[in-house]
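First the proteins, then the strands, lettered A, B, ... as listed; each starts at 1.
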Protein chains: 2
Amino acid sequence: MRVELLSVGTELLLGQIVDTNAAYLAGKLSELGISVYHKTTVGDNAERLAAALRISLGRSDVVLATGGLGPTEDDITAAAVAEVMEVGLVKDEATAERIRSFARFRGVKLLDSLLKQALVPRGAQVIPNPVGTAPGFIISRESKTVITLPGVPTEMRAMAEQSVFPYLADRVEEGAASVIVSRLLRIAGMGESQAEAEISDLIRQQTNPTIAPLAKTHEVFLRVTARAPNRAAAEQMIAPVEAEIRERLGGHVYGADDESLEAVVGDMLSDAGLTLAVAESCTGGLIGHRITNVPGSSDYFVASVTAYSNDTKTRLLGVAEDTLRQYGAVSAATAAAMAEGVRTALGADIGLAVTGIAGPGGGTPEKPVGLVYLGLADDSETTTEELRLRGDRPMIKERAAQMALYLLYRALRARRPQEVLG
Amino acid sequence: MRVELLSVGTELLLGQIVDTNAAYLAGKLSELGISVYHKTTVGDNAERLAAALRISLGRSDVVLATGGLGPTEDDITAAAVAEVMEVGLVKDEATAERIRSFARFRGVKLLDSLLKQALVPRGAQVIPNPVGTAPGFIISRESKTVITLPGVPTEMRAMAEQSVFPYLADRVEEGAASVIVSRLLRIAGMGESQAEAEISDLIRQQTNPTIAPLAKTHEVFLRVTARAPNRAAAEQMIAPVEAEIRERLGGHVYGADDESLEAVVGDMLSDAGLTLAVAESCTGGLIGHRITNVPGSSDYFVASVTAYSNDTKTRLLGVAEDTLRQYGAVSAATAAAMAEGVRTALGADIGLAVTGIAGPGGGTPEKPVGLVYLGLADDSETTTEELRLRGDRPMIKERAAQMALYLLYRALRARRPQEVLG
């Protein structure tokens with residue numbers, strides 16, 4: 001069964017609100033195993049709404065429309081659906097009565113506009129609204145169905161959960177029915193195309209589960225999606241594919257689903273009983289901010305020093321003036337000295353440091369914008385890493401922070417006793 | 001001129017991400033006076049994408065498509081546009097060269113998939129991507145135009161602003177259109193309903209411009225929107241309404257449009273020739289991160305110390321152990337000592353400090369989650385402020401950081417010679 005989504009509302013076309021309804025409905029429908037291939041938005045215009053309904057009904061079995069069911073004059077969804085389905089509008093007495101008692105209860109005047117909401121296409125099955133006055137409805141004709149829901153998210157969700165999802169679940173033929181389950185593998189330290197290249201044969205071969213790469217500003221996700229009769233079966237199909245991807249990408253897969261890199265690193269620090277201190281320059285506090293987003297981070301996070309000036313690098317972190325003079329603030333030597341300095345100054349087990357040029361100013365031919373050095377010091381050694389990052393100032397900050405956390409992740413992984421692979 | 005939006009990506013149809021790109025583009029186009037009547041989403045499927053393009057080109061002059069331009073196999077937008085426009089794909093040499101130099105600069109392997117991004121429909125005008133590898137393009141045929149942009153929001157926005165909006169603005173016929181212009185007034189230190197109550201009569205009376213409140217996690221916006229024949233006329237209509245709002249809300253209106261609080265405060269520090277040092281506890285580095293998001297902040301921002309442990313508060317900031325013992329880490333006395341300490345330790349003109357309980361753990365009946373103290377020290381005095389914030393851990397961090405920056409804003413405002421009101 002093909003369902004498509006139709007969002008009605010001029011405010012969506014003016015960009016005044018983001019269409020979270022459509023994302024919510026799409027997610028729920030895919031969990032029910034229903035394929036959604038199209039999503040359309042039109043404004044509060046009768047002609048264009050009717051035309052959009054005809055296009056949608058031409059290619060899908062069910063059109064799930066949200067919005068345009070309220071009391072105002074630009075709420076035209078019921079009339080447009082009636083026109084396209086070639087039936088008239090009739091007053092639904094049960095709805096009218098609910099609206100009257102709502103007006104009494106709330107002490108508001110019973111305006112005609114309120115009662116207009118009781119008008120539905122002839123033959124429609126009314127979907128009651130438990131939290132507002134505008135009802136939705138379901139109407140079918142010649143194997144095509146239109147379902148309407150109000151656009152107010154709380155009302156839409158309540159009605160979708162109470163009435164629409166059960167209705168659609170019943171219509172998804174038994175046996176043919178399936179659910180879609182996704183697992184998100186989170187990748188650090190490699191780009192989207194590089195990750196894809198490592199598993200391109202898997203991506204090509206796999207049809208169920210499918211594997212899809214997804215790039216964010218500072219990280220890459222691989223989404224493994226299975227379609228199966230039920231969740232347990234889908235998870236069983238995903239497991240071997242996930243294992244194969246993890247084997248090929250090794251330590252680049254740092255987590256799955258909601259596990260952020262800072263949470264994973266936090267757990268590793270906790271488990272190992274280690275404390276962390278951070279010295280930031282170009283990231284400006286972002287690493288500390290991310291680490292402290294994790295509840296309980298005060299157990300392992302000692303402090304972060306954002307040393308923007310050379311003077312602070314010397315004063316708070318003990319970076320030798322010689323080092324700054326000889327190699328410059330943006331150098332491997334300074335990154336190493338910052339990592340060692342913050343570790344010593346704060347009495348932490350591990351010191352992590354970042355220094356670089358986030359731009360837009362401050363770059364030179366030898367040290368361009370995007371040049372970043374990372375340093376990591378523990379009780380036995382200090383390592384540094386050079387990065388050349390692209391993007392604007394916020395992107396360079398985000399990417400540098402991510403790579404610093406990834407360096408910490410690898411260092412913590414290397415400390416752990418080798419895991420035995422089954 | 002009619003423009004419509006086409007979002008390409010299966011993840012949008014699965015509800016895995018919300019389509020913020022479409023809302024952004026719709027808002028910007030309406031500011032340009034361009035009518036957007038349709039917005040469509042299709043997945044990464046060649047046949048359905050081509051069909052959707054044909055429907056869109058049948059009713060609009062320009063289709064602005066986002067997504068599906070990356071290096072992976074399910075990135076099919078360029079091929080689908082070429083098919084619908086009945087031209088072949090050709091390699092754009094300038095783009096290929098940019099991709100090669102990107103690979104060299106980053107030291108990544110030059111994969112075929114990366115170079116695939118240089119394939120554009122024959123005759124297309126390439127839109128360079130200043131922050132990534134996937135280019136966009138503009139292609140016209142028989143008075144119909146398709147514009148494509150990548151789906152990664154940062155890349156899409158950069159390219160839309162640099163290339164697409166100017167292109168479309170040129171095509172909007174002079175005189176024929178009316179434009180919609182919005183001015184966003186940014187409010188700090190008062191909630192949405194409080195702000196609305198102060199100007200409720202204005203909101204009711206105004207029809208053009210309209211005034212709409214808009215609440216974000218840590219701040220409130222008032223959007224003043226005018227429709228007029230051209231931008232200058234719209235701005236003239238907005239000006240007196242803005243002046244009235246500013247008069248009623250006073251110093252709560254700290255900026256407009258894209259002026260973030262950190263940028264406004266940065267300009268004030270620059271103008272006054274003052275330097276700033278920050279001591280953070282519960283905000284974990286977020287204040288430093290926000291301040292350093294502003295280009296040129298190294299001119300006035302000395303350093304930030306995130307002192308999570310009592311030991312660090314004493315060691316780096318010189319907070320007396322007595323103060324911590326007597327009043328606790330979350331207290332006005334500690335906030336004051338942190339502000340004074342960071343100011344002295346780093347030799348800055350102003351010290352700003354935050355200490356509090358972000359939760360979810362760590363609260364007590366006397367000191368509940370959400371209790372936050374701010375401190376601000378300059379050469380003449382130290383002030384503190386107590387906040388009781390609501391929300392989860394990230395929200396409390398965001399709100400505390402905002403209120404700290406707002407405290408700094410007020411202190412800097414108070415230092416300025418009284419402005420003469422006309």
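Top candidate by heavy-atom pairs under 4.5 Å with chain B, chosen from Leu389(A), Thr283(A), Val42(A), Asn293(A), is Asn293(A). For chain B, the option among Arg390(A), Met395(A), Lys28(A), Met190(A) with the highest count of heavy-atom pairs below 4.5 Å is Arg390(A). Contact count against chain B (heavy-atom pairs under 4.5 Å) is highest for Pro295(A) among Gly43(A), Gly191(A), Pro295(A), Ala197(A).
The nearest pair of heavy atoms linking Thr312(B) to Ala303(A) is CG2-CB, 3.4 Å.
Of the two parts of Glu280(B), neither the backbone nor the side chain holds a non-hydrogen atom closer than 4.5 Å to a non-hydrogen atom of chain A. Both the backbone and the side chain of Thr72(B) come within less than 4.5 Å of a heavy atom in chain A. Residue Tyr24(B) does not touch chain A at all, counting heavy-atom pairs closer than 4.5 Å. With a threshold of 4.5 angstrom between heavy atoms, Leu346(B) approaches chain A through its backbone and through its side chain. Only the side chain of Ser113(B) comes within contact range of chain A, with heavy atoms under 4.5 Å apart. Proximity to chain B is absent for every atom of Val342(A), based on heavy atoms less than 4.5 angstrom apart. Residue contact with chain B, scored on non-hydrogen atoms closer than 4.5 Å, involves the side chain of Arg393(A) exclusively. With a 4.5 Å cut-off on non-hydrogen atoms, Val8(B) does not touch chain A at all.
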Problem - From CA spacing to verdict: side chain to side chain contact (heavy atoms under 4.5 Å, CB included), Thr292(A), Leu286(B) - result: CA-CA 9 Å; Thr292(A) 60; Leu286(B) 177 55; over 6 Å; no
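The shortest side-chain heavy-atom distance between Thr41(A) and Leu5(B) does not fall under the 4.5 Å cut-off. By the 4.5 Å heavy-atom criterion applied to side chains, Ile55(B) and His38(A) are not counted as neighbours. Under the 4.5 Å side-chain criterion, counting only non-hydrogen atoms from C-beta, Asp19(B) is not in contact with Asp19(A).
For Glu73(B), the side-chain contact (heavy atoms from CB on, under 4.5 Å) partners at least two apart in sequence or on another chain are Glu196(A), Arg204(A).
How far CG of Leu25(B) is from CG of Leu13(A): 12.5 Å, rounded to the nearest 0.5 Å. Interatomic distance, Tyr308(A) OH to Ile291(B) CD1, rounded to the nearest 0.5 Å: 10.0 Å. Residue Ser35(A) holds its OG atom at 9.0 Å from CG of Leu14(B), rounded to the nearest 0.5 Å. Rounded to the nearest 0.5 Å, atoms CD (Glu192(A)) and CG (Asp75(B)) are 6.5 Å apart. With rounding to the nearest 0.5 angstrom, the CG atom of Leu49(B) is 15.0 Å from the OH atom of Tyr37(A). Atom CG in Leu114(B) sits 3.5 Å away from atom OG in Ser193(A) (nearest 0.5 Å).
Using a distance-only test at 3.5 Å, with no hydrogens or angles considered, a donor-acceptor pair links the side chain of Lys397(A) to the main chain of His289(B).
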